Amino acid sequence: MKRIAIFASGSGSNAQRITEYFKETDGVEIALILTNNPKAGVLERAKRFGIKSHVFKRSEFVENAKVDVLLQQHKIDLIVLAGFLWLIPEFFINKYPGKIVNIHPALLPKYGGKGMYGMKVHETVIANGEKQSGISIHYVNNKYDEGQIIFQSDFDIEEGETPESLAAKIHEQEYEHFPIVIAEVLNSI
Ligand code: GRF
């Protein structure tokens, strides 16, 4: 059995999609959902799916503290960041080499980095007159959105596109591809 922990700071619709996908798959379990945000929608989703969740403070996100201990207790094989906003501490990256993946709602290396999240990404893409946007799934290193890219998909930005319409298209692409890419990464570890 391969075991996944999902980190999310917000609504968690990707977390739900991943959970639903792997419900149908033998040998993979979403064992934990972790968040820094006590108001995150992902907590309600975790409850609905009967997945253990935990809200953590910064002090619990350091070596040998709660988050580290939970990941070990649950024998986590892969950490999936799905809309998680904190930088991952270096010791986690060393402890889980090639085993932390993130999804970013733009075509990296453009439109990534600290503060580039949520609607800010889509607003900037449109303001810059980009002709395309898309999603990037990448391994996580110690810098925001700079780890090795595993997968990207793109589409054309249409005339009259708004940040909201762009966000909706991005979510569709995420739901389609993220679970499949996670399954492939799991197969390789
Ligand atoms: C997604 O667009 C993801 O790419 C970004 O944050 C958003 C999270 O959405 N990192 P949700 O919480 O999964 O609905």
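Since the structure is predicted, the reported quantities are computational estimates derived from the model, not experimental observations. As the structure lists them, so they are numbered: ligands from 1, and atoms in each ligand from 1. Heavy-atom basis, side chains included; hydrogens, waters and symmetry copies ignored.
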Check: Hey, which residues fall under 4.0 Å of ligand 1 on heavy atoms?
Finding: Ser11, Gly12, Ser13, Asn14, Gly83, Ile103, His104, Pro105, His171, Glu174
Item checked: Ion pair check, Arg17 and Glu174, cut-off under 4.0 Å -> no
Checklist line | All pairs passing side-chain hydrogen bond (donor to acceptor under 3.5 Å, both in side chains) where residues 76-89 contributes a residue, at least two apart | finding: none
Note to self: Under the rule for side chain to side chain contact (heavy atoms under 4.5 Å, CB included), what residues qualify as partners of Asn128, not counting sequence neighbours?
What the structure shows: Tyr111, Thr124, Glu130
Checklist line | Min side-chain heavy-atom separation Tyr117-Ser9 under 4.5 Å | finding: no
Notebook entry, point to check: Excluding sequence neighbours, so at least two apart, what forms side-chain hydrogen bond (donor to acceptor under 3.5 Å, both in side chains) with Ser153?
Noted result: Gln173
Notebook entry, point to check: Run the side chain to side chain contact (heavy atoms under 4.5 Å, CB included) check on Gln16 and Thr19 step by step: do they pass?
Noted result: CA-CA 5 Å; Gln16 174 167 339; Thr19 302; 5.5 Å; no
